[in-house]
Protein chains: 2
Amino acid sequence: MSPAPEPTPARLRAIPSRLLAGAAVAADRLVGERLAAEGARKWHFAVLAALAEAGAASQAELSRRTGIYRSDMVAVLNELADTEYIRRDPDPGDRRRNVITLTPGGHRRLERLDALVTDAQRELLAPLTPGQRDELTRLLTVLTEYHRPSHPRPHDAK
Amino acid sequence: MSPAPEPTPARLRAIPSRLLAGAAVAADRLVGERLAAEGARKWHFAVLAALAEAGAASQAELSRRTGIYRSDMVAVLNELADTEYIRRDPDPGDRRRNVITLTPGGHRRLERLDALVTDAQRELLAPLTPGQRDELTRLLTVLTEYHRPSHPRPHDAK
DNA sequence: CTCGAACGTTCGTGCCACTAACGAAGCTAT
DNA sequence: ATAGCTTCGTTAGTGGCACGAACGTTCGAG
């Protein structure tokens, strides 16, 4: 097959990792621009959404839910606490932990940011049909679930 | 099926921009790790591949082919020139430009890096079927082509 | 000739993923 | 209990990447 005598190998284009990087940059810019209009970054949204979805949690737990590093989580929570969107109280049951709670103001904040993020998704996926959007979401979910920190390597050959 | 009136909005998971970012990080790490073993970064590969595909070019032209910023291109070319993988000569026809040429050593370098990158793609796409890999590549291509710097905005209301 | 644009370059910015190290606190196991 | 492991929050720092500002040089068009 492909008796095509292409002298140029044409290897560069259509390299998945490159496409992924490009698409991610575009997506991050779309989301970033909109959130910046409200003085927020995507982490703020992620943390607020995680809290709204699964309830109060420790910082480490939030790290796992959102994928944000524990180190970076500190600054994000500081900002969210400064603006009264969350509360950070010591956990009486485990004095190492803080319990992060979403305030009513934080909940409204989430509603606003969610609208912006949703709108950004629409623009991001504009060139795709609804079916393609679902398929893309599915494929990306498989990829991100498969590639997790320290992944088992099941089929370690040889 | 699941007319379930989920009280939890469950908005966080499956946000395309987040999935995209996660997959891109995984992909970048896979590629980065392998290239780092040879002391290279993905930009080196991109530049070498662009040169091999479409021939010698100016730095600005390479910027467009690879998506690397003109500012950052300088350092990359410096490194590639230091290791004799490319040559940077003034363009006799346009004295503003440099003509970047792939050396034989650079071509062999590309072959090695290409093997590493290809292997990384395999591992990246491991959990997908061949059909899904093609579909993903297609969808990502559409997205990246659509979202280009200063995109026309066809439906600019008002 | 003048003006605007493109080119290569330097410097600086901001975001993000990630590491290292730390003190404090909890969880075993002997 | 005490010794040793781990978890947690925190600080500080690193490196890559995408991007912007500005400047001198050169080209091209009016």
Side-chain angles (χ1 to χ4, degrees), chain A residues 17-18 20-33 35-36 39-47 57-64 66-81 86 88-100 144 147-150, chain B residues 17-18 20-33 35-36 39-47 57-64 66-81 86 88-100 144 147-150:
Chain A
S17 65
R18 278 183 61 85
L20 267 176
V25 166
D28 262 38
R29 180 158 43 191
L30 283 173
V31 174
E33 279 172 4
L35 289 184
R41 289 195 313 265
K42 60 175 181 170
W43 310 82
H44 300 100
F45 168 75
V47 169
S58 71
Q59 303 187 189
E61 170 61 18
L62 278 178
S63 266
R64 288 175 220 116
T66 59
I68 306 175
Y69 250 66
R70 312 182 351 264
S71 327
D72 306 316
M73 181 64 71
V74 181
V76 177
L77 292 182
N78 284 339
E79 296 167 21
L80 287 174
I86 60 152
R88 174 155 45 181
D89 309 301
D91 186 334
D94 186 340
R95 298 215 303 287
R96 292 171 302 179
R97 308 186 185 185
N98 294 331
V99 179
I100 311 300
T144 52
H147 295 286
R148 282 276 165 87
S150 68
Chain B
S17 65
R18 277 183 62 84
L20 224 37
V25 166
D28 262 38
R29 179 159 45 193
L30 283 174
V31 173
E33 277 172 6
L35 290 183
R41 289 195 312 264
K42 59 174 181 170
W43 290 351
H44 300 102
F45 168 74
V47 168
S58 71
Q59 303 187 188
E61 170 61 19
L62 278 177
S63 266
R64 288 175 221 115
T66 59
I68 305 174
Y69 248 65
R70 316 185 341 266
S71 327
D72 306 315
M73 180 64 71
V74 181
V76 178
L77 293 183
N78 284 339
E79 295 167 21
L80 287 174
I86 60 152
R88 174 155 45 180
D89 308 302
D91 186 334
D94 185 340
R95 298 214 303 284
R96 293 171 300 179
R97 307 186 186 187
N98 293 332
V99 178
I100 311 300
T144 52
H147 295 285
R148 282 277 164 86
S150 67

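Throughout, a chain's letter reflects where its sequence line sits, starting with A, and its residues are numbered from 1.
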Write down the distance between [atom1] ([X]) and [atom2] ([N]), rounded to a whole number of angstrom.
X: A/D94; N: C/dC27; atom1: CG; atom2: P; value: 6 Å
X: A/E79; N: D/dT10; atom1: CD; atom2: P; value: 14 Å
X: B/R29; N: D/dC17; atom1: CZ; atom2: P; value: 14 Å
X: A/L20; N: C/dA17; atom1: CG; atom2: C1'; value: 16 Å
X: B/Y69; N: C/dT9; atom1: OH; atom2: P; value: 18 Å
X: B/D28; N: D/dG16; atom1: CG; atom2: P; value: 12 Å
X: B/E33; N: C/dC18; atom1: CD; atom2: P; value: 10 Å
X: B/I86; N: C/dG8; atom1: CD1; atom2: C1'; value: 13 Å

Determine: side-chain N/O of [X] to OP1/OP2 of [N], distance under 4.0 Å, yes or no.
X: A/N78; N: D/dG9; answer: no
X: B/R88; N: C/dT9; answer: yes
X: B/W43; N: D/dG16; answer: no
X: B/R41; N: D/dC17; answer: yes
X: B/Q59; N: C/dT9; answer: yes

Legend entry - Residue closer to the 5' end of DNA chain D, A/V25 versus A/N98 (nearest nucleotide): A/N98

Measure from the side-chain heavy atoms of [X] and tell me the nearest of [options].
X: A/R96; options: D/dC19, D/dT7, C/dT9; value: D/dT7
X: A/V74; options: C/dC15, D/dT11, D/dA18; value: D/dT11
X: A/R64; options: D/dC8, C/dC16, C/dT10; value: D/dC8

Legend entry - Touch class at under 4.0 angstrom, heavy-atom based, for B/S71 against every strand present: base

Inset, instruction - Map B/D72 and B/L77 onto DNA chain C by nearest heavy atom, then report which one ends up closer to the 5' terminus. - result: B/L77

Legend entry - Residue pair A/L62 / A/A57: nearest heavy atoms and the distance that separates them: CG-CB, 4.3 Å

Strictly distance-based, threshold 3.5 Å: is any side-chain N or O of [X] a donor or acceptor partner for the main-chain N or O of [Y]?
X: B/S63; Y: B/I68; answer: yes
X: B/R18; Y: A/T66; answer: yes
X: B/H44; Y: B/R41; answer: yes

Legend entry - For A/R88, side chain to side chain donor-acceptor pair (under 3.5 Å) partners two or more places apart: A/Q59, A/N78

